[in-house]
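Here is the structure we will look at.
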Protein chains: 2
Amino acid sequence: MYKENNLSKNQQIIFDLINKSSEPLKAYTILFSVQKKGIKAPPQVYRALDKLVETGKIHKIESKNAFVACRNSNCEISKATAFSICESCEMVDEISDTKLSKYLSGFNHKKGMKFKRFNLEFFGICKKCKKD
Amino acid sequence: MYKENNLSKNQQIIFDLINKSSEPLKAYTILFSVQKKGIKAPPQVYRALDKLVETGKIHKIESKNAFVACRNSNCEISKATAFSICESCEMVDEISDTKLSKYLSGFNHKKGMKFKRFNLEFFGICKKCKKD
DNA sequence: TTAAAATTTGTTATAATATAACACTATGTA
DNA sequence: TACATAGTGTTATATTATAACAAATTTTAA
């Protein structure tokens, strides 16, 4: 079964949930939601999340300890991620900007460290919240 | 006492510890270290950390849940932070790069959201670890 | 096709990170 | 002074995450 779509049963259940969601989901929110599907304990959720992050199907929003589905088919397995986060409604949007991505991927540290990966989180107030 | 240096007693104790450290410190590591100075419970640590982050004296490394002293007097109270993180030795270095900072501060989201703040974390293997 | 290897699952317990709530003290300001 | 604001100390508890182990499933390759 695994080879068909690369995801195991638990991974698929959890990915589907995150993918359908309009907002980042936290691990224990996910756990609660999938209990009816037989996923009963935290390690089952965290293992699936780890794998999904590893394969780039989802991303972790570090400042929120929450997970979103990857909306950017070009993000090269999470090597270069950028998000905009609304500080009012908590909305998170993945930024797909080729220029930004290229600029940061090509950025070299003065001290000579070569980067393999980056994660960028922008914060502000989204359009919708500004109106209110 | 507060006005003299802007930091309260607990804030100063915790800032000094982080400032002296060569690596990011976690909240409970801090708690353990300052117990001899009379700081006994998590809320005391977290309150001081919150304030220090708020005033830009320290930064939180989100991917590690750990704290470092600000090494960049120009970072404008944590509105624009960037770090390089070694995935091998866990070393964290604050990046002060005017060009990078300007580029990101001026970045505008296609969807019209105006950003107030960003946090960028680069990952790789540091020079020292590469040699080993 | 079958045995070994790798991956995934299920489970219990517990570790690590963080906040709520309340009473009280110290400091800044009118 | 007296009032407001910020900080402290404390107990309890909420939230996030992993260790450890046994069993089942899937992949691989002989």
Side-chain angles (χ1 to χ4, degrees), chain A residues 1-18 21 23-68 77 90 92 119 121, chain B residues 1-18 21 23-68 77 90 92 119 121:
Chain A
M1 180 210 280
Y2 292 171
K3 206 161 193 181
E4 288 161 23
N5 56 10
N6 290 314
L7 296 183
S8 72
K9 179 170 136 283
N10 289 359
Q11 288 161 19
Q12 188 70 57
I13 290 168
I14 287 172
F15 175 72
D16 287 345
L17 185 69
I18 295 171
S21 173
E23 57 184 12
L25 296 180
K26 290 174 161 265
Y28 277 73
T29 305
I30 292 168
L31 176 57
F32 182 81
S33 295
V34 298
Q35 273 176 340
K36 43 185 168 278
K37 301 208 168 169
I39 297 175
K40 288 174 195 150
Q44 295 174 289
V45 172
Y46 281 101
R47 283 191 295 229
L49 289 172
D50 286 350
K51 193 69 183 184
L52 292 167
V53 166
E54 204 182 302
T55 56
K57 305 280 288 181
I58 65 173
H59 302 303
K60 182 172 187 181
I61 307 301
E62 294 287 357
S63 62
K64 300 170 82 71
N65 298 317
F67 300 84
V68 296
I77 311 193
E90 311 267 286
V92 171
N119 180 57
E121 299 182 4
Chain B
M1 179 210 282
Y2 292 172
K3 206 163 194 180
E4 288 160 24
N5 57 8
N6 290 314
L7 296 184
S8 72
K9 181 170 135 283
N10 289 359
Q11 288 160 20
Q12 189 71 58
I13 290 169
I14 287 172
F15 175 72
D16 288 344
L17 186 69
I18 295 171
S21 173
E23 55 185 13
L25 296 180
K26 290 175 161 264
Y28 276 73
T29 304
I30 293 168
L31 175 56
F32 182 80
S33 297
V34 298
Q35 273 176 341
K36 44 185 166 277
K37 301 211 167 170
I39 296 175
K40 289 176 195 148
Q44 295 174 290
V45 172
Y46 281 100
R47 282 190 298 228
L49 290 172
D50 286 350
K51 194 67 183 186
L52 291 167
V53 165
E54 204 182 303
T55 56
K57 305 279 288 178
I58 65 172
H59 303 302
K60 181 173 188 181
I61 308 301
E62 295 288 356
S63 61
K64 299 171 82 70
N65 298 316
F67 300 84
V68 296
I77 311 190
E90 313 266 287
V92 171
N119 179 57
E121 300 182 3

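Residue numbers begin at 1 in each chain, while the letters A, B, ... track the order of the sequences. Predicted, not measured: the structure shown is a model, and the values here were computed from it. Keep in mind that the numbers below use all heavy atoms, side chains included, and drop hydrogens, waters and symmetry copies.
Taking atom CG of B:N10 as the reference point, atom P of C:dA26 lies 13 Å away to the nearest angstrom. In this structure, CZ of A:F32 is placed 16 Å from P of D:dA14, rounded to the nearest angstrom. To the nearest angstrom, C1' of D:dG7 lies 19 Å from CZ of B:F15. Distance CG (A:L52) to P (C:dT9): 10 Å, rounded to an integer number of Å. In this structure, CD1 of A:I14 is placed 10 Å from P of C:dG10, rounded to the nearest angstrom. With rounding to whole Å, A:K64 atom NZ is found 14 Å from D:dA17 atom P. Following rounding to the nearest Å, B:L31 (CG) and C:dT19 (P) show an atom-to-atom distance of 15 Å. Separating the CG atom of A:L7 from the C1' atom of D:dT26 is a distance of 15 Å, rounded to the nearest angstrom.
Taking all atoms of both residues into account, the shortest heavy-atom contact from A:E62 to A:E121 is N-OE2, 3.0 Å.
Residue contacts for A:K60: at a heavy-atom cut-off of 4.0 Å it reaches the sugar-phosphate backbone alone, with no base atom in range.
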In sequence, state the C-alpha distance, the side-chain angles, and the governing distance for B:V34 and B:Q44, and then conclude on side-chain contact (heavy atoms from CB on, under 4.5 Å).
-> CA-CA 10 Å; B:V34 298; B:Q44 295 174 290; over 6 Å; no

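Between B:I18 and B:L49, some side-chain heavy-atom pair lies under the 4.5 Å cut-off.
In this structure, the side chain of A:S33 engages the main chain of A:T29 through a donor-acceptor pair within 3.5 Å.
Ranking C:dA18, D:dG9, D:dT16 by closeness to the B:N65 side chain, first place goes to C:dA18.
Residue side chain A:Y28 fails the stacking definition with respect to D:dT15, as its ring centre and the base's six-membered ring centre are not both under 5.5 angstrom apart and under 30 degrees in plane angle.
Using a 4.0 Å cut-off on heavy atoms, the residues of residues 34-50 of chain A that approach DNA chain D are A:P42, A:P43, A:Y46, A:R47, listed by number.
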